[in-house]
Amino acid sequence: CFLTGAAKLVVVIAIFLLTFYVISQVFEIKMDANLGHIFARSALDAAARSTKPPRYKCGISKACPEKHFAFKMSSGAANVVGPKICVEDNVLMSGVKNNVGRGINMALVNGKTGELLDTKFFDMWGGDVAPLIEFLKTIQDGTIVLMATYDDGATKLNEEARRLIAELGSTSITNLGFRDNWVFCGGKGIKTKSPFEQHIKNNKDTNKYEGWPEVVEMEGCIPQKQD
């Protein structure tokens, strides 16, 4: 009986040790597999980061040179989505910020520092052109002026308003018409015509939206004003 009991104990111990060995081997294998998966995932993530294109200010396509301000802007989409103006990675005007409206949307930026000075919008359909004219006359030399239309930015424009905007460097303002889409970046005291301007005419045969042309977008690098 004693031998039988001892034999049973040996068998139980042997089974226990064998089971523990098998479990430990399986556990180690799984740990190795998990570690391998983690290391492989880390390598893939590192590779993805190294191949991911860099992001530039305002999401423009390339970095601006030194002493330039990055900007990106878009006109409104029909009468549904408002325009957007971004300078130096700061969104100055947008529907999300709730500071845009029907007509001409305008942001004023310090030409030396890139800091926002003011934002306004002027209703050129149901409003009056006089406030726009008065505001344009108050802009100081060296100020960067960014404008974008939303819905309709032209109906109430008169010759004086167009002339004041042309003096900021615009060439398209003279023939901006009903529901045209237009974005422009110029400056007070500019000596030449601005290279930063996009304009699409309202044309029922080519309009992307019913009654409105497609959105116009523009990006670039504005030279910093030097003393």
Side-chain angles (χ1 to χ4, degrees), residues 55-61 64 68-140 142-157 161-162 164-165 168-170 172-173 176 179-188 190 194-200 209 212-225:
R55 184 194 178 278
Y56 302 114
K57 291 178 180 179
C58 292
I60 66 175
S61 56
C64 287
H68 284 71
F69 302 125
F71 81 94
K72 187 172 185 177
M73 56 194 306
S74 61
S75 68
N79 62 345
V80 179
V81 180
K84 184 176 181 179
I85 299 176
C86 175
V87 175
E88 283 293 281
D89 235 13
N90 296 315
V91 177
L92 308 183
M93 302 187 76
S94 71
V96 174
K97 293 180 72 71
N98 197 31
N99 63 347
V100 297
R102 182 173 65 182
I104 292 178
N105 293 259
M106 192 183 320
L108 305 184
V109 173
N110 187 305
K112 291 182 180 180
T113 65
E115 294 177 338
L116 176 65
L117 299 175
D118 201 357
T119 63
K120 298 281 187 184
F121 62 87
F122 301 90
D123 188 348
M124 292 293 99
W125 169 253
D128 188 345
V129 73
L132 170 62
I133 291 172
E134 292 306 310
F135 185 74
L136 290 169
K137 289 179 177 178
T138 65
I139 300 174
Q140 300 296 309
T143 301
I144 298 167
V145 184
L146 304 102
M147 300 185 185
T149 55
Y150 179 28
D151 189 353
D152 172 44
T155 296
K156 292 295 181 68
L157 284 178
R162 292 178 190 270
L164 290 169
I165 295 173
L168 300 172
S170 172
S172 296
I173 192 64
L176 185 69
R179 287 187 178 178
D180 289 359
N181 272 342
W182 172 68
V183 289
F184 163 70
C185 176
K188 187 63 178 286
I190 192 171
S194 171
F196 303 124
E197 189 167 27
Q198 296 289 335
H199 177 209
I200 296 183
Y209 308 105
W212 288 270
E214 64 183 297
V215 172
V216 286
E217 295 182 319
M218 181 172 64
E219 65 175 51
C221 303
I222 308 165
Q224 181 181 357
K225 181 175 171 54

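When a residue number appears, it is its place in the shown sequence, counting from 1.
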Minimum heavy-atom separation for [X] and [Y], please, with both atom names.
X: V100; Y: G82; result: CG2-CA, 4.1 Å
X: I165; Y: L136; result: CG1-CD1, 3.8 Å
X: A70; Y: C58; result: O-SG, 4.1 Å
X: L92; Y: V109; result: CD1-CG2, 3.7 Å
X: S74; Y: A148; result: O-CB, 3.8 Å
X: K137; Y: L164; result: CG-CD1, 4.2 Å

- Item | Proximity of Y150 and F121 rings by center, below 6.0 Å |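 No, the ring centres sit 6.0 Å or more apart.
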
Does any N or O in the side chain of [X] come within less than 3.5 Å of the main-chain N or O of [Y], such that one atom is a donor and the other an acceptor?
X: D123; Y: G101; result: no
X: D151; Y: R102; result: no
X: S194; Y: C185; result: yes
X: Q224; Y: K112; result: yes
X: E197; Y: S172; result: yes
X: R162; Y: I173; result: yes
X: D152; Y: A154; result: yes
X: W125; Y: G103; result: no
X: K225; Y: G142; result: no
X: T149; Y: W182; result: yes

How about [X] and [Y]: do any of their side-chain heavy atoms sit closer than 4.5 Å?
X: V145; Y: M106; value: yes
X: D180; Y: I200; value: no
X: Y209; Y: V80; value: no
X: I139; Y: L117; value: no
X: K84; Y: V91; value: yes
X: E219; Y: S61; value: yes
X: M124; Y: L132; value: yes

- Task: Under the side chain to side chain donor-acceptor pair (under 3.5 Å) rule, collect the residues that match up with N99, sequence neighbours excluded.
- Result: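 None.
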
- Item | For Q198, all residues meeting side chain to side chain donor-acceptor pair (under 3.5 Å), sequence neighbours excluded |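 So Q198 forms no side chain to side chain donor-acceptor pair (under 3.5 Å) with any residue.
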
- Using the test ring pair (Phe, Tyr, Trp, His ring centres under 6.0 Å), find all partners of F196 that sit at least two apart in sequence or belong to another chain.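 Listed in chain order: F71.
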
Give, for atom [atom1] of [X] and atom [atom2] of [Y], the distance between the pair rounded to the nearest 0.5 Å.
X: L168; Y: K188; atom1: CG; atom2: NZ; result: 7.0 Å
X: I222; Y: E88; atom1: CD1; atom2: CD; result: 8.5 Å
X: L176; Y: T155; atom1: CG; atom2: OG1; result: 9.5 Å

- Applying side chain to side chain contact (heavy atoms under 4.5 Å, CB included), run through D128 and K156 and close with a yes or a no. CA-CA 7 Å; D128 188 345; K156 292 295 181 68; over 6 Å; no

